[in-house]
Amino acid sequence: MRTFLILLIMSSAQFFAQKTLNPSNVKLESKFIKNEISNAVWYAEKGDQKVEIGKITTEIKKIDKTKLLIKTTVQMNQAPGKPWVDSTLVRISDFQPVYHSSYNLMRDMVLNFEKNKATGYYLDKKSQKKDQIDEKISAEYFDSNSYPGLIRFLPLKEHYSSEIPIFDYNPAAKKGVVKAYIEDVNSGEFNGKKSLDRKNDRLYSGQENNQHLFY
């Protein structure tokens, strides 16, 4: 099986000579978009050890000929029976976001997307403060819950790189567009029948979140 190793960086830093992907110019290998359910284990690194902190189930389902549902359920080991559930609806052809709901112990959030606008609400469960979201967005973007799936269906090749604007609402900053960067892609061989394997995942605090993804 051919395997791609992707260095993904989420950051506010600028990376040069990279193409910016958006729903208008993205080219997807749509033949690989099928109904599926996948499972992964979430690890954090502690010194030289990897510690399991939760499990992730991702469901991809075609709602009709034009729309795709991406549902992510995260079960944290420290909060059994109280999953984090994110559901996103996108257009199959270009991953243009339509809707995103997110529910967990800390907050509820619902977003409705138009091409240059996001509306909805953000409820902080601890303070019971509910913020109404009505944000104008000048550039095209993808949704924070759908772009990991988007990467799977890109025409990846050696040393591929790109910049990906994503909407990831931040109630403190009152704005939601940040950028993720695919810095490099390398191919190799991986024994086994699985179509997706994730290794060496690392969790970082702050503005950078580096992940090595295996496809």
Side-chain angles (χ1 to χ4, degrees), residues 8-13 37-47 49-61 63 68-90 95-114 116-139 141-151 164-181 198 201-211 213:
L8 173 65
I9 297 178
M10 286 188 63
S11 173
S12 60
I37 296 176
S38 60
N39 297 291
V41 179
W42 189 357
Y43 293 97
E45 283 194 345
K46 189 176 182 180
Q49 296 182 333
K50 288 198 304 183
V51 179
E52 180 183 328
I53 61 174
K55 292 181 172 62
I56 305 169
T57 299
T58 302
E59 178 183 6
I60 296 177
K61 183 178 181 180
I63 301 301
L68 186 73
L69 172 68
I70 300 172
K71 182 179 180 181
T72 305
T73 303
V74 179
Q75 181 61 69
M76 304 300 292
N77 291 351
Q78 293 184 342
K82 298 179 180 179
W84 302 359
V85 182
D86 281 72
S87 300
T88 296
L89 199 63
V90 299
F95 268 58
Q96 174 74 46
V98 177
Y99 172 85
H100 180 182
S101 65
S102 181
Y103 303 102
N104 62 42
L105 288 171
M106 298 174 288
R107 53 108 180 101
D108 291 346
M109 182 176 68
V110 172
L111 297 166
N112 293 285
F113 297 108
E114 300 176 29
N116 297 110
K117 189 176 183 180
T119 59
Y121 71 85
Y122 182 102
L123 173 64
D124 185 314
K125 291 184 177 180
K126 184 176 181 180
S127 66
Q128 287 300 301
K129 181 183 178 183
K130 187 175 184 179
D131 292 329
Q132 296 298 322
I133 301 169
D134 188 351
E135 183 174 338
K136 293 182 179 179
I137 305 168
S138 59
Y141 57 91
F142 300 100
D143 176 66
S144 62
N145 190 52
S146 66
Y147 85 92
L150 166 77
I151 292 171
I164 307 173
I166 59 175
F167 190 91
D168 189 14
Y169 182 72
N170 182 340
K174 301 297 182 184
K175 61 181 180 180
V177 176
V178 295
K179 292 180 180 179
Y181 298 87
R198 299 179 59 136
D201 283 0
R202 299 187 178 186
L203 306 181
Y204 292 83
S205 59
Q207 291 185 330
E208 294 192 358
N209 182 4
N210 296 3
Q211 299 181 36
L213 306 178

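The closest donor-acceptor contact from the side chain of Lys82 to the backbone of Met76 lies at 3.5 Å or more, if one exists at all. Proximity of a side-chain donor or acceptor of Asp168 to a complementary backbone N or O of Val178 within less than 3.5 Å is not detected. Asn112 contributes no side-chain N or O that, together with a main-chain N or O of Tyr99, makes up a donor-acceptor pair within less than 3.5 Å.
At a cut-off of 3.5 Å, with distance as the only test, a side-chain donor of His100 or Asp143 sits close to an acceptor on the other residue. There is a side-chain donor-acceptor pair under 3.5 Å between Thr57 and Asn39.
Within the model, atoms CD1 of Ile166 and CZ of Phe142 stand 10.5 Å from one another, a figure rounded to the nearest 0.5 Å. To the nearest 0.5 Å, the span separating OG on Ser127 from CE on Met106 amounts to 13.0 Å. The CD1 atom of Ile56 sits 10.5 Å away from the OG1 atom of Thr73 when rounded to the nearest 0.5 Å. In this structure, the separation between NZ on Lys71 and CG on Asn145 is 11.5 Å, given to the nearest 0.5 Å. For the atom pair CD1 of Ile70 and OG of Ser87, the computed distance is 10.5 Å after rounding to the nearest 0.5 Å. Taken from OH in Tyr121 to CD in Gln132, the straight-line distance is 9.5 Å, to the nearest 0.5 Å.
Residues Gly54 and Asn77 approach most closely at CA-OD1, 3.6 Å, considering heavy atoms. Residues Asp131 and Pro171 approach most closely at OD2-CB, 4.4 Å, considering heavy atoms. Between Pro97 and Val90 the shortest heavy-atom distance is CA-CG1, 4.0 Å. In plain terms, the two heavy atoms of Trp84 and Asn104 that are nearest each other are CD1-CB, 3.4 Å. Scanning all heavy atoms of the two residues, the minimum distance from Ser102 to Arg107 falls at OG-NH1, 2.7 Å.
Applying the side chain to side chain contact (heavy atoms under 4.5 Å, CB included) rule to Ser138 yields no partners; only residues at least two apart in sequence or on another chain are considered. Every ring-ring contact (aromatic ring centres under 6.0 Å, His included) that Phe113 has, sequence neighbours left out, goes to Tyr141, Phe167. For Lys130, there are no salt bridge (charged side-chain N to carboxylate O under 4.0 Å, His left out) partners two or more places apart in sequence or in a different chain.
Within 6.0 Å of the CD atom in Glu52, the count of heavy atoms belonging to other residues, nucleotides or ligands exceeds 12. Sparse packing is recorded around NZ of Lys61, with 12 or fewer heavy atoms of other residues, nucleotides or ligands lying under 6.0 Å away. Counting heavy atoms of neighbouring residues, nucleotides and ligands inside a 6.0 Å radius, atom CD of Gln128 exceeds 12 of them.
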- List the steps and the verdict of side chain to side chain donor-acceptor pair (under 3.5 Å) for Thr119 and Asp134. CA-CA 4 Å; Thr119 59; Asp134 188 351; over 6 Å; no
